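Read through the structure below, which is laid out as structure tokens, and then see the notes.
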Amino acid sequence: MEIVFTLLVGVVVGLIDALPMFLKKMNRANCWSAFLQYVVVTVVVFNTTLPQFGINDWLVGPIVSFLMALPMVVMIGKEEKKAVPFVLVNAVVLGFVISVIKHFAAPLFV
């Protein structure tokens, strides 16, 4: 995949995740952390396959996103236990969105 497209998708997905946090006037460091998390997740998902585990390409995004969210969940879990399920569900959903975009955009860059 072309890196510009990958970063563009990452920025869009990052905004989807972080914009509500910015609008609620949450801690700016947390907002930027969430934004950058999904930019990085997108780069990783767009450049990862997991055939050694027999995992379908559609599931790479949710799995990678979920695993990359775990360290953040450990930090969040200390102070805001109610947010943990939302963060994990959000990771799976946004990871799936990234996989779908990767799947349909792949033929454009062959």
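Quick caveat: nothing in here was measured; it's all calculated off a predicted structure.
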Non-hydrogen atoms of [X] and [Y] that approach each other most closely:
{"X": "A91", "Y": "S65", "result": "O-OG, 2.8 Å"}
{"X": "W58", "Y": "F104", "result": "CH2-CE1, 3.8 Å"}
{"X": "G10", "Y": "V39", "result": "O-CG2, 3.5 Å"}
{"X": "V87", "Y": "M72", "result": "CG1-CE, 4.3 Å"}
{"X": "Q37", "Y": "M68", "result": "NE2-O, 2.9 Å"}
{"X": "K102", "Y": "T49", "result": "NZ-CG2, 4.5 Å"}

CH2/W32: more than 12 non-hydrogen atoms of other groups inside 6.0 Å: no
Roughly how far, to the nearest 0.5 Å, is [atom2] of [Y] from [atom1] of [X]?
{"X": "D17", "Y": "F35", "atom1": "CG", "atom2": "CZ", "answer": "10.5 Å"}
{"X": "I63", "Y": "L50", "atom1": "CD1", "atom2": "CG", "answer": "6.5 Å"}
{"X": "T6", "Y": "I101", "atom1": "OG1", "atom2": "CD1", "answer": "10.5 Å"}
{"X": "L15", "Y": "L19", "atom1": "CG", "atom2": "CG", "answer": "6.5 Å"}

Please step through side chain to side chain contact (heavy atoms under 4.5 Å, CB included) for the pair Y38 and V12, ending with a clear verdict. CA-CA 9 Å; Y38 283 100; V12 170; over 6 Å; no
Pick one: which of I98, V64, V97, L8 meets side-chain contact (heavy atoms from CB on, under 4.5 Å) with T42?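 Single pass found, and it is I98.
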Check against side chain to side chain contact (heavy atoms under 4.5 Å, CB included), I76 and F86: CA-CA 11 Å; I76 292 170; F86 293 107; over 6 Å; no
Should side-chain heavy atoms under 4.5 Å link Ile, Leu, Val, Met, Phe, Trp and Tyr, which residues sit in the same cluster as V89?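 Under the 4.5 Å side-chain rule, V89 groups with V93.
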CA sep, side-chain torsions, deciding dist, call: D57, S99, side chain to side chain contact (heavy atoms under 4.5 Å, CB included): CA-CA 7 Å; D57 283 343; S99 282; over 6 Å; no
Return yes if some donor-acceptor pair links the side-chain N/O of N47 with the main-chain N/O of V43 below 3.5 Å, else return no.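 Yes; at least one donor-acceptor contact below 3.5 Å.
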Side-chain donor-acceptor contacts of residues 22-29 below 3.5 Å, not counting sequence neighbours, with atom names and distances?
unit_1: N27; atom_1: OD1; unit_2: A29; atom_2: N; d: 2.7
unit_1: N27; atom_1: OD1; unit_2: N30; atom_2: N; d: 3.4

In terms of hydrophobic clustering (I, L, V, M, F, W, Y; side-chain heavy atoms under 4.5 Å; direct or indirect links), are [X] and [Y] co-clustered?
{"X": "V9", "Y": "V40", "value": "yes"}
{"X": "V73", "Y": "L67", "value": "yes"}
{"X": "V84", "Y": "V74", "value": "no"}

Trace of the side chain to side chain contact (heavy atoms under 4.5 Å, CB included) decision for I3 with F46: CA-CA 9 Å; I3 191 68; F46 271 42; over 6 Å; no
side-chain contact (heavy atoms from CB on, under 4.5 Å) involving F66 - partner list, sequence neighbours excluded: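 With neighbours one apart ignored, the set is L70, L88, V92.
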